[in-house]
Amino acid sequence: MRWTQTFIPTLKETPADAEIVSHQLLLRAGLVRKLTGGLYTFLPMGLRALTKVAAIVREEMDRAGAIEVSMPLLQPTDIWHASGRYEAMRDNLYKVKDRAQKEWALCPTAEEVITTLAANEFSSYKQFPKNFYQVGTKFRDEIRPRFGLMRAKEFLMKDAYSFDTTDAGAMASYQKMYDAYTRIFARCGLRAFAVEADTGIIGGNHSHEFMIPAETGENDVVYCEACNYAANIEKATSGLPKTAPRDPGPAPEKFATPGVVTIEALAKDPYKVPANRQIKTLVFIADSKPVLVLVRGDDQLNEAKFMAKTGAIEARPADAKNPADLVHFTALGAMPGSLGAVRNVPAGWKVLADERLRGANGMTTGANEDGFHLRDVSMDRDIRVTEWHDLRTVTVGEPCAKCAKPLKIRRAIEVGHVFKLGTKYSVPLNATFLDEAGQRAPLVMGCYGIGVTRTLQAVIEQGNDKDGIIWPVSVAPYHVCITPLAVAAESPAMKLAEQLYAELTAAGLEVLIDDRDERPGVKFKDSELVGFPIRIGLGEKSLAKGEVEIKPRSGALRSVKTEDAAADVIAWVKAEKAKLA
RNA sequence: CGGGACGUGGCUCAGCCCGGUAGAGCGCUUGGUUUGGGACCAAGAUGUCGCAGGUUCAAAUCCUGUCGUCCCGACCA
């Protein structure tokens, strides 16, 4: 390909509406252009790189025994009602109406569709295991699209769905995908790692996310360098001890705390109740019902854990400024800051408490009377806890639950997620089989996603310098950029460029000739901005010596005899590919 | 959905506070000089100042609304 015959609109200046480096480079290197927020047109270089990522994904899916299919992007909403996810997806699901006012969903994921297929097509245990995948567009009505391709309304995703007859079989399918994912990200040149994860709206009971470390990521990952424990902060636990017991007082004692509505204020003079001897009482509205949540004063409630443990579809903190919520505070008898679970808790309310409070005594909490707190509160004696759960958020430095070494926390980009689903979809959508005894049973499923567009941007986020993108050869739009400094057809540089192009292309390399009539500086800058892994420079000075200049994007420039150039570059690309095999 | 910032040639931005003839750099066109790291000189083209109202003799500038973009948050009592 010639530069003048394709379309690579590079930008000298950084676009104002791109915040993170990978987003800036997507635009500057002419890979994509924004149509509107969260929607992007892929230009030739971007599309080529995206196609490379997708090809790696397909090769590894095929190698792992998955079968490629293609499902409709337009889905009938009745299967979403059947699975119970129509409500659970809430506004994330794009809905469209046809001429008859029938409602359809734009595919955000395809568990319902593939499970419907399985329900119709399978009947015997002899047909399993099966794993179907597709690489296709997904639509999600994101609350806030951001960072270019990282969180878009429309994106390319690989989704796979496994069907097994037993739990052990499903675990084996899960492990195959886990291993395939590890290979996929390695082949894309990414330093990815797997972490234990919350299953969220997809469901199931076991899952891992594949993360790329990056300060610009939207996830916090808790990890232990000593024993390799790693988990999303939404799921992570630590080996922190329970609250130390004290001599229990005879009974809770009320004391006046006028104007004290924060943990911090109660910890100061004249009260001096340390945060770790306080009980923080939160009111949440979970699926329209009020719930009291208790965590220690120095702990933070982890809302993802709260959602997971309660199974709530929607939950939010109650807001005293919201008239509809105010009744709940009125029922308790106090406003935020003076809340507690010792007295006045309405009979029907659930009271969830964090495990760290189990058995705690000598605690201080709100009296459910504005301006008063209670001291000498015992969890067991004084509070009716309906459910105990791990509800707190792990913080940096806490001891690892496995090996007691201090935990660390880092930001990361989630590029893949594997789930063991169990029968969450097969039961409601009636995907069953007959076992060897002729008994009907639901299929055991797993599902596995990779954000292909997000992975592409993660490659850029991880591979760049001040001059532009540094592609791994496996994902680069072209392997080689040939840069003749004279472009007239009869010039020696151009003739040599064409000769090298023919030789490299014949060897299977993907080559771009920068045939633009531009000054050398412009061409060098652009080739580095777009990030081709290796460049061959053809200028008068070196040609006069019978040499060409070879410049790997992230290596030193070297001069090579003209007749050796093709072999040199072919060997270099082959070696780079081998590193990513 | 809440908070914040911003919408001025293709791009990056100034001008706005203090109302009075719309600017710069880059890019683009033409000519010339250049030609190994984003050239130089000259001449040019390109703007409903996001949109709609309002105030005013007069609005890019002040006011209101609206649309769009970006950032933070969706949470702790």
Side-chain angles (χ1 to χ4, degrees), chain A residues 9-20 23-24 27-28 30 33-39 90-91 141-148 151 216 218 234 257 259-266 275 278-285 292-307 314-322 325 328-329 332 334-341 354 365-366 368 370 373 391-393 467-468 483-488 491 493 516-529 535 537-544 548-549 551 557 559:
Chain A
T10 57
L11 265 23
K12 200 181 276 190
E13 294 182 270
T14 302
D17 57 2
E19 184 77 6
I20 68 174
H23 186 195
Q24 292 169 354
L27 295 164
R28 285 232 290 141
R33 282 294 181 266
K34 183 173 72 175
L35 202 217
T36 182
L39 296 172
R90 303 178 58 73
D91 294 331
D141 193 353
E142 292 288 346
I143 294 174
R144 179 150 86 92
R146 62 178 136 181
F147 301 150
R151 185 171 293 281
T216 52
E218 297 186 82
E234 295 178 344
T257 51
V260 172
V261 294
T262 62
I263 301 287
E264 296 71 35
L266 197 56
Q278 299 187 40
I279 302 168
K280 185 166 11 183
T281 306
L282 311 169
V283 182
F284 266 72
I285 311 296
L292 277 185
V293 187
L294 275 35
V295 296
R296 216 169 76 172
D298 56 339
D299 280 342
Q300 299 291 316
L301 172 68
N302 187 317
E303 252 185 82
K305 288 182 180 177
F306 174 79
M307 297 288 283
E314 186 204 7
R316 59 180 176 80
D319 178 5
K321 288 188 285 262
N322 177 346
D325 292 354
H328 302 311
F329 295 107
L332 288 167
M335 296 301 282
S338 302
L339 298 176
D354 179 61
T365 187
N368 276 344
D370 288 331
H373 280 75
L391 293 170
R392 64 182 292 279
T393 302
D467 295 315
T483 307
L485 299 186
V487 295
S491 71
R516 293 176 300 168
D517 186 13
E518 288 287 353
R519 297 169 59 85
V522 173
K523 299 172 82 155
F524 292 146
K525 285 286 185 191
D526 269 350
S527 77
E528 282 150 17
L529 177 57
R535 180 180 70 214
L538 308 174
E540 278 183 23
K541 287 181 188 169
S542 45
L543 290 185
V548 302
E549 286 173 358
K551 172 73 174 71
L557 186 142
S559 292

- Message: Any donor-acceptor pair, under 3.5 Å, between the side chain of A:Gln300 and the base of B:C76, if you only look at N and O atoms?
- Response: yes
- Query: So does A:Arg519 get a side-chain nitrogen or oxygen closer than 4.0 Å to the phosphate oxygens (OP1/OP2) of B:U35?
  - Reply: no
- Query: What nucleic acid atoms does A:Arg296 come within less than 4.0 Å of, heavy atoms only: base, sugar-phosphate, or nothing?
  - Reply: nothing
- Quick one: do A:Glu528 and A:Arg535 make a salt bridge, cutoff under 4.0 Å? yes
- Task: Could you tell me the separation between the CD1 atom of A:Ile263 and the P atom of B:C76, rounded to a whole number of Å?
- Result: 12 Å
- Using a heavy-atom cut-off of under 4.0 Å over every strand shown, decide if A:Gly37 touches base, sugar-phosphate, or nothing. sugar-phosphate
- A:Pro15 and A:Arg28 have their tightest heavy-atom pair at CD-CG, 3.8 Å
- Is there a side-chain polar atom (N or O) of A:Arg144 under 4.0 Å from OP1 or OP2 of B:C72? yes
- Item | Length of the CZ-C1' vector between A:Arg316 and B:A74, whole Å | 12 Å
- Query: Hey, mind stepping through A:Leu538 and A:Thr483 against side chain to side chain contact (heavy atoms under 4.5 Å, CB included) and telling me if it holds?
  - Reply: CA-CA 6 Å; A:Leu538 308 174; A:Thr483 307; over 6 Å; no
- May I ask you to say what A:Asp526 touches in the nucleic acid, namely base, sugar-phosphate or nothing, with a heavy-atom cut-off under 4.0 Å? base
- Query: When A:Asp17 is tested against each of A:His23, A:Lys34, A:Gln24 for side-chain hydrogen bond (donor to acceptor under 3.5 Å, both in side chains), which residue passes?
  - Reply: A:Lys34
- Message: Applying a 4.0 Å non-hydrogen cut-off, can you work out what A:Thr262 is touching in the nucleic acid: base, sugar-phosphate, or nothing?
- Response: sugar-phosphate
- Considering residues, nucleotides and ligands other than A:Glu540, do more than 12 of their heavy atoms fall under 6.0 Å from its CD? no
- Item | Length of the line joining A:Ile20:CD1 and B:U69:P, which is rounded to integer Å | 18 Å
- Task: Please round to the nearest 0.5 Å and tell me the distance separating atom NE2 of A:His328 and atom CD1 of A:Ile285.
- Result: 3.5 Å
- Between B:C71, B:A77, B:G38, spot the one nearest the side chain of A:Glu19, thanks. B:C71
- Message: Between P on B:A77 and CG on A:Leu294, what's the gap in Å once rounded to a whole number?
- Response: 15 Å
- A:Ile143 CD1 to B:A74 C1': how many Å, rounded? 7 Å
- Task: Identify the residue among A:Thr365, A:Leu266, A:Asn368, A:Ile279 that makes a side chain to side chain contact (heavy atoms under 4.5 Å, CB included) with A:His373.
- Result: A:Leu266
- Any donor-acceptor pair under 3.5 Å between the side chain of A:Glu528 and the base of B:G37? yes
- Query: OP1 or OP2 of B:C72 less than 4.0 angstrom from a side-chain nitrogen or oxygen of A:Arg146, does that happen here?
  - Reply: yes
- Query: Just how far is it from atom CG of A:Leu485 to atom CG of A:Asp517, taken to the nearest 0.5 Å?
  - Reply: 11.0 Å
- Considering Watson-Crick and G-U wobble pairs with both distances under 3.5 Å, what does B:U34 pair with? none
- Task: Could you tell me whether the side chain of A:Asp354 reaches within less than 4.5 Å of the side chain of A:Phe306, counting heavy atoms only?
- Result: no
- Expected string for nucleotides 6-15 of chain B under the B/S/- scheme (protein heavy atoms, under 4.0 Å, primed atoms plus P, OP1, OP2 as sugar-phosphate) is -----BSS--
- Euclidean distance, atom CG of residue A:Asp319 to atom C1' of B:C75 [Å, nearest integer]: 11 Å
- Query: 5'-most contact on RNA chain B: A:Asp517 or A:Phe147, nearest heavy atom basis?
  - Reply: A:Asp517
- Task: For A:Arg535, answer base if it contacts any base atom (sugar-phosphate contacts may also be present), sugar-phosphate if it contacts only those atoms, and nothing otherwise; contact means non-hydrogen atoms under 4.0 Å.
- Result: base
- Message: Does A:Thr36 reach a base, just sugar-phosphate, or nothing at all? Heavy atoms under 4.0 Å.
- Response: sugar-phosphate
- So what's B:U55 paired with, Watson-Crick or G-U wobble, going by both distances under 3.5 Å? none
- B:A60 and B:U48: how far apart are their C1' atoms, nearest whole angstrom? 12 Å
- Message: Rounded to whole Å, please give me the gap between CD in A:Gln278 and P in B:C76.
- Response: 16 Å
- Message: Can you tell me the base-pairing partner of B:U66? Count Watson-Crick or G-U wobble geometry only, both distances below 3.5 Å, and say none if there is no partner.
- Response: B:G50
- Once you apply the 3.5 Å cut-off to both distances, tell me the Watson-Crick or G-U wobble partner of B:C26, or none. B:G10
- Spacing between A:Lys34 atom NZ and B:G68 atom P, to the nearest angstrom: 12 Å
- Using a heavy-atom cut-off of under 4.0 Å over every strand shown, decide if A:Val283 touches base, sugar-phosphate, or nothing. base
